[in-house]
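Notes for the one structure printed next.
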Amino acid sequence: MSVSVSILASGSRGNCAVVASSTTRILVDAGISCRETFKRIKASGEDPRALSAILITHEHADHVYGLATLTRKLGIPLFMTGATHQVWAKAIRDATGERPEVGQLELFASGRNFQVGDISVTPFTIPHDAADPVGFTFRAEGVKIGLATDLGYIPASVRNHLQGCDLLVIESNHDVEMLRVGPYPWMVKQRVMSRVGHLSNDALAEFFSGDYDGSATYVVLAHLSEHNNLPELARKAAEKALGARRTLLQNRVLLAQQAEPMEAIRL
(Lines give C-alpha, C1' and ligand atoms only; values in the text may rest on other atoms or scores of the structure.)
Protein backbone atom coordinates (compact mmCIF):
# COMPACT_ATOMS: atom_id res chain seq x y z
CA MET A 1 0.00 0.00 0.00
CA SER A 2 1.29 3.45 -0.87
CA VAL A 3 0.13 6.93 -1.79
CA SER A 4 2.20 9.04 -4.16
CA VAL A 5 2.32 12.43 -5.83
CA SER A 6 4.06 12.98 -9.16
CA ILE A 7 4.33 16.59 -10.26
CA LEU A 8 4.73 16.42 -14.04
CA ALA A 9 4.98 20.19 -14.65
CA SER A 10 4.61 23.32 -12.56
CA GLY A 11 4.80 26.94 -13.66
CA SER A 12 3.27 29.56 -15.93
CA ARG A 13 3.83 27.36 -19.02
CA GLY A 14 1.77 24.47 -17.72
CA ASN A 15 0.70 22.61 -14.58
CA CYS A 16 -0.03 18.92 -14.20
CA ALA A 17 0.28 16.32 -11.42
CA VAL A 18 -0.76 12.77 -10.59
CA VAL A 19 -2.09 11.79 -7.17
CA ALA A 20 -2.21 8.03 -6.77
CA SER A 21 -3.20 5.36 -4.27
CA SER A 22 -2.79 1.61 -4.64
CA THR A 23 -5.82 1.41 -6.94
CA THR A 24 -6.62 4.95 -8.15
CA ARG A 25 -4.71 7.50 -10.23
CA ILE A 26 -5.96 11.07 -10.57
CA LEU A 27 -4.57 13.60 -13.02
CA VAL A 28 -4.78 17.05 -11.43
CA ASP A 29 -4.88 19.74 -14.13
CA ALA A 30 -3.87 19.32 -17.76
CA GLY A 31 -1.79 22.37 -18.55
CA ILE A 32 0.71 20.70 -20.88
CA SER A 33 -0.01 18.97 -24.17
CA CYS A 34 -1.52 15.50 -24.25
CA ARG A 35 1.63 14.17 -25.89
CA GLU A 36 3.90 15.68 -23.24
CA THR A 37 1.60 14.48 -20.45
CA PHE A 38 1.78 10.93 -21.78
CA LYS A 39 5.55 11.21 -22.21
CA ARG A 40 6.13 12.38 -18.65
CA ILE A 41 3.83 9.78 -17.11
CA LYS A 42 5.57 7.03 -19.07
CA ALA A 43 8.98 8.38 -18.00
CA SER A 44 7.89 7.83 -14.40
CA GLY A 45 7.21 4.18 -15.17
CA GLU A 46 3.42 4.50 -15.23
CA ASP A 47 0.79 3.95 -17.94
CA PRO A 48 -1.22 7.10 -18.77
CA ARG A 49 -4.17 4.89 -19.77
CA ALA A 50 -4.33 3.67 -16.18
CA LEU A 51 -5.53 7.11 -15.05
CA SER A 52 -8.88 6.99 -13.25
CA ALA A 53 -10.03 10.60 -13.64
CA ILE A 54 -9.01 14.19 -14.39
CA LEU A 55 -9.58 17.00 -11.88
CA ILE A 56 -9.32 20.67 -12.84
CA THR A 57 -8.58 23.53 -10.44
CA HIS A 58 -9.59 26.36 -12.83
CA GLU A 59 -9.84 27.25 -16.50
CA HIS A 60 -6.66 29.26 -17.14
CA ALA A 61 -4.63 27.96 -20.08
CA ASP A 62 -1.68 26.79 -18.00
CA HIS A 63 -4.07 24.36 -16.30
CA VAL A 64 -6.23 23.18 -19.22
CA TYR A 65 -4.04 23.47 -22.35
CA GLY A 66 -4.08 19.72 -23.06
CA LEU A 67 -7.45 18.94 -21.53
CA ALA A 68 -9.61 18.68 -24.68
CA THR A 69 -7.28 16.14 -26.29
CA LEU A 70 -6.77 14.19 -23.08
CA THR A 71 -10.49 13.81 -22.40
CA ARG A 72 -11.08 12.70 -25.97
CA LYS A 73 -8.28 10.12 -25.94
CA LEU A 74 -8.73 8.74 -22.44
CA GLY A 75 -12.52 8.82 -22.06
CA ILE A 76 -12.25 8.95 -18.27
CA PRO A 77 -14.39 11.07 -15.92
CA LEU A 78 -13.62 14.80 -15.88
CA PHE A 79 -14.28 16.65 -12.63
CA MET A 80 -14.65 20.45 -12.53
CA THR A 81 -17.02 23.05 -11.13
CA GLY A 82 -19.98 24.14 -13.22
CA ALA A 83 -18.64 27.66 -13.68
CA THR A 84 -15.20 26.39 -14.70
CA HIS A 85 -16.72 24.01 -17.22
CA GLN A 86 -18.90 26.74 -18.71
CA VAL A 87 -15.96 29.09 -19.30
CA TRP A 88 -13.67 26.31 -20.58
CA ALA A 89 -16.29 24.89 -22.97
CA LYS A 90 -17.02 28.37 -24.36
CA ALA A 91 -13.30 28.96 -24.98
CA ILE A 92 -13.09 25.65 -26.89
CA ARG A 93 -16.18 26.51 -28.96
CA ASP A 94 -14.80 29.97 -29.75
CA ALA A 95 -11.47 28.48 -30.84
CA THR A 96 -12.68 25.44 -32.80
CA GLY A 97 -16.37 25.98 -33.44
CA GLU A 98 -17.14 22.70 -31.68
CA ARG A 99 -18.05 21.62 -28.18
CA PRO A 100 -15.32 19.67 -26.37
CA GLU A 101 -15.84 15.92 -26.24
CA VAL A 102 -16.25 14.84 -22.63
CA GLY A 103 -17.23 11.23 -22.09
CA GLN A 104 -18.28 11.65 -18.47
CA LEU A 105 -18.51 15.11 -16.94
CA GLU A 106 -18.76 15.22 -13.15
CA LEU A 107 -19.57 18.66 -11.72
CA PHE A 108 -18.59 19.34 -8.13
CA ALA A 109 -19.10 22.23 -5.72
CA SER A 110 -16.44 23.75 -3.53
CA GLY A 111 -16.60 22.50 0.04
CA ARG A 112 -18.37 19.25 -0.84
CA ASN A 113 -16.38 16.03 -0.64
CA PHE A 114 -16.52 13.47 -3.42
CA GLN A 115 -14.90 10.13 -4.07
CA VAL A 116 -12.69 8.96 -6.93
CA GLY A 117 -11.99 5.28 -6.42
CA ASP A 118 -10.51 4.96 -2.96
CA ILE A 119 -9.38 8.61 -2.82
CA SER A 120 -11.57 11.11 -0.97
CA VAL A 121 -11.35 14.58 -2.52
CA THR A 122 -12.24 17.88 -0.86
CA PRO A 123 -12.28 20.96 -3.11
CA PHE A 124 -12.00 24.36 -1.45
CA THR A 125 -12.28 27.90 -2.79
CA ILE A 126 -9.07 29.84 -3.37
CA PRO A 127 -8.68 33.59 -4.10
CA HIS A 128 -7.70 33.82 -7.77
CA ASP A 129 -9.01 35.69 -10.82
CA ALA A 130 -10.80 32.75 -12.42
CA ALA A 131 -14.47 31.70 -12.66
CA ASP A 132 -14.52 29.34 -9.67
CA PRO A 133 -10.96 28.36 -8.69
CA VAL A 134 -10.29 25.61 -6.16
CA GLY A 135 -7.52 23.83 -4.33
CA PHE A 136 -7.81 20.21 -3.24
CA THR A 137 -7.05 17.93 -0.37
CA PHE A 138 -6.84 14.19 -1.01
CA ARG A 139 -7.19 11.42 1.58
CA ALA A 140 -6.32 7.78 0.98
CA GLU A 141 -4.84 4.97 3.06
CA GLY A 142 -4.44 7.22 6.10
CA VAL A 143 -2.53 9.91 4.17
CA LYS A 144 -3.62 13.51 3.53
CA ILE A 145 -2.27 15.56 0.62
CA GLY A 146 -2.91 19.28 0.15
CA LEU A 147 -2.59 21.18 -3.12
CA ALA A 148 -3.01 24.95 -3.31
CA THR A 149 -1.54 27.05 -6.11
CA ASP A 150 -2.72 30.16 -7.96
CA LEU A 151 -3.90 32.11 -4.94
CA GLY A 152 -3.28 35.74 -4.07
CA TYR A 153 -3.22 35.16 -0.33
CA ILE A 154 -4.02 32.41 2.20
CA PRO A 155 -7.34 33.10 3.92
CA ALA A 156 -8.41 31.33 7.11
CA SER A 157 -10.59 28.88 5.15
CA VAL A 158 -7.61 27.70 3.10
CA ARG A 159 -5.42 27.46 6.20
CA ASN A 160 -8.02 25.22 7.81
CA HIS A 161 -8.14 22.86 4.83
CA LEU A 162 -4.34 22.57 4.79
CA GLN A 163 -4.07 21.46 8.41
CA GLY A 164 -2.82 17.95 9.03
CA CYS A 165 -1.33 17.34 5.58
CA ASP A 166 1.36 14.70 5.22
CA LEU A 167 2.43 16.30 1.95
CA LEU A 168 1.77 19.92 1.01
CA VAL A 169 2.08 21.33 -2.52
CA ILE A 170 1.82 25.10 -2.29
CA GLU A 171 2.60 28.12 -4.45
CA SER A 172 5.77 30.20 -4.10
CA ASN A 173 5.34 32.16 -7.31
CA HIS A 174 7.48 35.27 -7.18
CA ASP A 175 10.03 37.35 -5.38
CA VAL A 176 8.36 40.73 -4.87
CA GLU A 177 11.43 42.80 -5.76
CA MET A 178 12.19 40.74 -8.88
CA LEU A 179 8.60 41.21 -10.00
CA ARG A 180 8.69 44.97 -9.38
CA VAL A 181 11.81 45.54 -11.49
CA GLY A 182 11.13 42.74 -13.98
CA PRO A 183 9.92 42.80 -17.60
CA TYR A 184 6.17 42.43 -17.07
CA PRO A 185 3.86 45.34 -17.94
CA TRP A 186 2.68 47.25 -14.88
CA MET A 187 -0.90 45.98 -15.22
CA VAL A 188 0.33 42.38 -15.16
CA LYS A 189 2.52 43.10 -12.15
CA GLN A 190 -0.48 44.54 -10.34
CA ARG A 191 -2.52 41.45 -11.16
CA VAL A 192 0.17 39.05 -9.93
CA MET A 193 0.60 40.98 -6.66
CA SER A 194 -3.13 41.38 -6.05
CA ARG A 195 -5.25 39.36 -3.63
CA VAL A 196 -6.54 37.33 -6.59
CA GLY A 197 -3.12 36.88 -8.16
CA HIS A 198 -0.23 34.68 -7.06
CA LEU A 199 1.49 33.94 -3.77
CA SER A 200 4.92 35.50 -3.25
CA ASN A 201 7.86 33.90 -1.45
CA ASP A 202 7.34 36.38 1.40
CA ALA A 203 3.60 35.65 1.71
CA LEU A 204 4.27 31.92 1.86
CA ALA A 205 7.03 32.48 4.42
CA GLU A 206 4.59 34.42 6.56
CA PHE A 207 2.21 31.47 6.46
CA PHE A 208 4.98 29.02 7.35
CA SER A 209 6.21 31.10 10.29
CA GLY A 210 2.74 31.80 11.65
CA ASP A 211 -0.33 29.72 10.81
CA TYR A 212 1.19 26.55 9.34
CA ASP A 213 0.86 23.55 11.66
CA GLY A 214 4.15 21.91 10.60
CA SER A 215 2.52 18.55 9.92
CA ALA A 216 3.91 17.71 6.47
CA THR A 217 6.79 15.34 5.87
CA TYR A 218 7.31 17.02 2.49
CA VAL A 219 6.60 20.59 1.40
CA VAL A 220 6.69 21.16 -2.36
CA LEU A 221 7.09 24.74 -3.59
CA ALA A 222 5.14 25.04 -6.84
CA HIS A 223 4.26 27.43 -9.68
CA LEU A 224 7.58 29.31 -9.47
CA SER A 225 7.79 32.14 -11.99
CA GLU A 226 10.60 31.74 -14.51
CA HIS A 227 10.92 35.54 -14.85
CA ASN A 228 10.20 36.77 -11.34
CA ASN A 229 11.72 34.19 -9.04
CA LEU A 230 14.76 32.02 -8.48
CA PRO A 231 14.61 28.51 -6.98
CA GLU A 232 17.25 29.40 -4.39
CA LEU A 233 15.28 32.47 -3.27
CA ALA A 234 12.06 30.45 -2.87
CA ARG A 235 13.82 27.65 -1.01
CA LYS A 236 15.74 30.01 1.29
CA ALA A 237 12.61 31.96 2.25
CA ALA A 238 10.64 28.78 2.96
CA GLU A 239 13.36 27.04 4.95
CA LYS A 240 14.07 30.14 7.04
CA ALA A 241 10.37 30.53 7.84
CA LEU A 242 9.93 26.88 8.71
CA GLY A 243 12.87 27.19 11.11
CA ALA A 244 12.87 24.73 13.98
CA ARG A 245 9.59 23.19 12.78
CA ARG A 246 11.57 21.29 10.15
CA THR A 247 13.07 19.11 12.88
CA LEU A 248 9.65 17.98 14.14
CA LEU A 249 8.12 16.14 11.19
CA GLN A 250 10.97 16.89 8.76
CA ASN A 251 9.11 19.32 6.46
CA ARG A 252 11.63 18.58 3.74
CA VAL A 253 11.43 21.38 1.15
CA LEU A 254 11.33 20.34 -2.52
CA LEU A 255 10.87 22.45 -5.65
CA ALA A 256 8.56 21.53 -8.52
CA GLN A 257 9.89 22.29 -11.99
CA GLN A 258 8.48 23.42 -15.30
CA ALA A 259 10.71 21.60 -17.76
CA GLU A 260 10.78 18.12 -16.27
CA PRO A 261 8.80 15.99 -13.83
CA MET A 262 9.78 15.53 -10.22
CA GLU A 263 10.53 12.09 -8.94
CA ALA A 264 7.39 10.65 -7.38
CA ILE A 265 6.99 11.34 -3.67
CA ARG A 266 5.74 8.25 -1.90
CA LEU A 267 4.12 8.20 1.52
Side-chain angles (χ1 to χ4, degrees), residues 1-57 62-63 65-67 70 73-74 76-79 115-123 135-150 162 164-172 215-224 231 234-235 238-239 242 246 249-267:
M1 294 174 63
S2 69
V3 175
S4 67
V5 175
S6 302
I7 300 181
L8 305 180
S10 181
S12 58
R13 291 189 288 114
N15 298 272
C16 191
V18 176
V19 176
S21 67
S22 299
T23 61
T24 305
R25 288 168 175 77
I26 299 173
L27 187 72
V28 184
D29 285 333
I32 55 178
S33 71
C34 178
R35 178 177 301 200
E36 188 65 18
T37 302
F38 276 32
K39 175 183 174 183
R40 295 189 185 197
I41 292 175
K42 289 176 180 177
S44 68
E46 299 290 339
D47 179 2
R49 298 196 177 275
L51 290 169
S52 309
I54 302 173
L55 273 61
I56 299 297
T57 59
D62 58 328
H63 295 260
Y65 176 78
L67 180 58
L70 279 164
K73 286 197 172 184
L74 293 174
I76 57 178
L78 169 62
F79 290 79
Q115 199 79 17
V116 181
D118 65 344
I119 300 178
S120 175
V121 183
T122 302
F136 293 112
T137 60
F138 305 89
R139 293 179 184 268
E141 302 176 23
V143 171
K144 181 180 179 181
I145 296 162
L147 189 153
T149 67
D150 298 72
L162 297 182
C165 288
D166 299 288
L167 187 155
L168 177 60
V169 181
I170 192 162
E171 180 170 60
S172 190
S215 63
T217 302
Y218 298 97
V219 174
V220 181
L221 307 183
H223 216 303
L224 273 68
R235 184 192 295 275
E239 290 184 341
L242 287 166
R246 297 182 63 238
L249 288 168
Q250 192 172 3
N251 277 289
R252 182 182 174 192
V253 177
L254 305 173
L255 277 75
Q257 300 181 60
Q258 182 72 86
E260 57 185 33
M262 286 180 63
E263 183 177 345
I265 303 167
R266 302 189 184 280
L267 298 161

Exercise. Quick one: does Ile170's side chain get under 4.5 Å of Leu162's, heavy atoms only?
Worked result: yes
Exercise. If you take all heavy atoms of Pro48 and Lys42, which pair is closest and at what distance?
Worked result: CD-CG, 3.7 Å
Problem set entry | Check: Phe138 and Leu55 side chains under 4.5 Å, non-hydrogen atoms | yes
For this session: Indicate yes or no for a side-chain donor-acceptor contact from Glu46 to the backbone of Ile41 under 3.5 Å, with no hydrogens or angles considered.
Result: no
Problem set entry | Any donor-acceptor pair under 3.5 Å from Thr57 side chain to Gly135 backbone | no
Problem set entry | Rounded distance [0.5 Å steps], CG in Leu267 versus CG in Asp166 | 6.0 Å
Problem set entry | Min side-chain heavy-atom separation Ile145-Phe136 under 4.5 Å | no
Problem set entry | Test log, rule side chain to side chain contact (heavy atoms under 4.5 Å, CB included), inputs Leu74 and Phe38 | CA-CA 11 Å; Leu74 293 174; Phe38 276 32; 3.7 Å; yes
Problem set entry | Distance (rounded to the nearest 0.5 Å) between Leu221 CG and Leu168 CG | 9.0 Å
Exercise. Measuring from Cys165:SG to Arg139:CZ, what's the distance to the nearest 0.5 Å?
Worked result: 8.0 Å
Problem set entry | Straight-line distance of Ser215 OG to Asn251 CG, nearest 0.5 Å | 7.5 Å
Exercise. Does any non-hydrogen side-chain atom of Leu254 lie less than 4.5 Å from one of Ile265?
Worked result: yes
For this session: Can you see which heavy atom on Ala264 is nearest to which on Ser6, and at what distance?
Result: CB-OG, 3.4 Å
Problem set entry | Side-chain (Thr24) to main-chain (Ala20) donor-acceptor, under 3.5 angstrom | no
Exercise. Just wondering, do Thr149 and His63 contact through their side chains at under 4.5 Å, heavy atoms?
Worked result: yes
Exercise. Which distance, rounded to the nearest 0.5 Å, do you find between the OG1 of Thr23 and the CD1 of Ile119?
Worked result: 7.5 Å
Exercise. Which value, rounded to the nearest 0.5 Å, describes the distance between Leu70 atom CG and Asp29 atom CG?
Worked result: 11.5 Å
Seminar exercise, completed: Correct closest heavy-atom pair for Met262 and Ala256 would be SD-CA, 3.5 Å
Problem set entry | Main-chain N/O of Lys73 paired to Arg49 side chain as donor or acceptor, under 3.5 Å | yes
Problem set entry | Asp62 side chain to Asn15 backbone, donor-acceptor under 3.5 Å | no
For this session: Kindly say whether Gln257 contributes a backbone atom to a donor-acceptor pair with the side chain of Ser10 at under 3.5 angstrom?
Result: no
Seminar exercise, completed: Of all heavy-atom pairs linking Ala9 and Ile32, the shortest is CB-CG2, 3.8 Å
Exercise. Are any non-hydrogen side-chain atoms of Leu67 and Leu78 less than 4.5 angstrom apart?
Worked result: yes
Exercise. Side chain to side chain donor-acceptor pair (under 3.5 Å) with Ser21: which residues, sequence neighbours excluded?
Worked result: Asp118
For this session: Answer whether the closest heavy-atom distance between the side chains of Leu27 and Leu8 falls below 4.5 Å.
Result: yes
For this session: Would you name the heavy atoms of Ala53 and Phe79 that are closest together and state the gap between them?
Result: CB-CE1, 3.8 Å
Exercise. Would you say Gln115 has more than 12 foreign heavy atoms packed within less than 6.0 Å of its CD?
Worked result: yes
For this session: Would you name the heavy atoms of Ala259 and Arg40 that are closest together and state the gap between them?
Result: O-NH2, 3.0 Å
Problem set entry | Partners passing side chain to side chain donor-acceptor pair (under 3.5 Å) against Arg13 (at least two apart in sequence or in another chain) | Glu226
Exercise. Okay, side chain of Glu171, backbone of Ala148: is any donor-acceptor separation there less than 3.5 Å?
Worked result: no
Exercise. Does Thr217 reach the side chain of Arg252, with side-chain heavy atoms less than 4.5 Å apart?
Worked result: no
